[in-house]
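Report on one structure; see the data block that follows.
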Amino acid sequence: MGGGGGGHDPFDIFQSFFGGNPFGGGGSSRGRRQRRGEDVIHPLKVSLEDLYNGTSKKLSLSRNVICSKCKGKGSKSGASMKCAGCQGSGMKVSIRHLGPSMIQQMQHPCNECKGTGETINDKDRCSQCKGDKVVGEKKVLEVIVEKGMQNGQRITFPGEADEAPDTVTGDIVFVLQQKEHPKFKRKVDDLFVEHTLALTEALCGFQFILTHLDNRQLLIKSQPGEVVKPDQFKAINDEGMPMYQKPFMRGKLYIHFTVDFPESLTPEQCKALEAVLPPRPSMQMSEMELDECEETTLHDVNIEEEMRRKQQQQAQEAYEEDDDMHGGGGQRVQCAQQ
């Protein structure tokens, strides 16, 4: 009757939430959104040099594209029929009996129409895509790795994933995976490197050449009279990683020094060192007080191995104690029953 032009489909609200008519039909087609295709994610292994200097990599990928001959219809005539197996929904429901009065209902794509909801007559199938609506294509993408990019950072190619009819094409995403470097460690925009000094170098001065990630040779040297202590860090400004999208700004390069001590010294070497080094701290104790002290013997130990052995011993003792408690408890119960 008249006056219906301004009304609303009563199922439009349901459809906006659930994407369909509650009674299984197609419902109103107004405002129907295209579903979005899945993104395709590829890991891309890069070296620390690649992230420092920047690089580009060409990668060949296979993907599906809409058939150019049938324009994604799958048929010569452009016609299709509603799938009888799923009544055009593209999905089937299967029921599993889990037990008495218990069932499980599962939804899965229809195997007859591959989830499309329609079928094509064999004689009407497109000769190019054989009714699949898409054909395979090889595509070469050039991935630009910019200076300063981070491990785990994503490089996205919008709309380059598999195409499908009535579907918004997803993206191809490359996730950077930095390979471990034998010399440098990275922490955000800073670089860390380990260097071992001989005791003579630590006390009397050192210089060495460090090859950087761009093959520059850096001369690293101590100041005159400077002494480097074991486990000490020193930094060089602006020799760390370039900052992403600010390649002229760089972090710091930290050098962690360890000092290699000699295994032992001869009496002559000790006397020579005592002649130039600061004197030993004197002990404020009398001979009588020293005589009353108990002498001890120091021996070498691998502390990591020592701690591991103690943990194993404690675990074994705890297991045996637990076993004894259960065994003893059982015996006491038997005695009480007698």
Answer yes or no: is there a side-chain heavy-atom contact under 4.5 Å between [X] and [Y]?
X    : Y    : value
I66  : K133 : no
L48  : K179 : no
D132 : R125 : no
L210 : L253 : yes
V65  : V134 : no
M243 : R250 : no
L51  : M241 : yes

Should we say atom [atom1] of [X] is surrounded by more than 12 heavy atoms from elsewhere, each under 6.0 Å from it?
X    : atom1 : answer
E38  : CD    : no
Q105 : CD    : no
M288 : CE    : no
E289 : CD    : yes
K246 : NZ    : no
M102 : CE    : no
I209 : CD1   : no
R96  : CZ    : no

Please answer whether the main-chain N or O of [Y] pairs with a side-chain N or O of [X] as donor and acceptor at a distance below 3.5 Å.
X    : Y    : result
D171 : G159 : yes
E239 : I236 : no
Q232 : K229 : yes
N53  : L213 : yes
Q316 : Q313 : no
D162 : N64  : yes
D50  : S47  : yes
T156 : V173 : no
N151 : Q178 : yes
E226 : Q223 : yes

Could you state the interatomic distance from [atom1] ([X]) to [atom2] ([Y]), rounded to the nearest 0.5 Å?
X    : Y    : atom1 : atom2 : value
F261 : L199 : CZ    : CG    : 5.5 Å
E201 : T196 : CD    : OG1   : 9.5 Å
F248 : D238 : CZ    : CG    : 13.0 Å
L141 : S56  : CG    : OG    : 12.5 Å
K71  : C129 : NZ    : SG    : 11.5 Å
N302 : R308 : CG    : CZ    : 7.5 Å

Would you confirm whether the ring centroid of [Y] sits within less than 6.0 angstrom of the ring centroid of [X]?
X    : Y    : answer
H256 : F192 : no
Y254 : F233 : no
Y52  : H212 : yes

Single-linkage hydrophobic cluster L197~L203, side-chain heavy atoms < 4.5 angstrom: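 Not linked; separate clusters.
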Common cluster, V259/I220, ILVMFWY with side-chain heavy-atom separation under 4.5 Å: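 No, V259 and I220 fall in different hydrophobic clusters.
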Does this structure show an ion pair linking [X] with [Y], if we count only N-O contacts that are shorter than 4.0 Å?
X    : Y    : answer
E194 : K183 : no
K73  : E118 : no
E306 : R309 : yes
K58  : E142 : no

Parallel, tilted or perpendicular, as decided by the 30° and 60° cut-offs, for the rings of F208 and F257: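 Ring orientation of F257 relative to F208: perpendicular.
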Heavy-atom closest contact (S89 atom, C86 atom, distance):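 S89 and C86 have their closest heavy atoms at OG-O, 2.9 Å.
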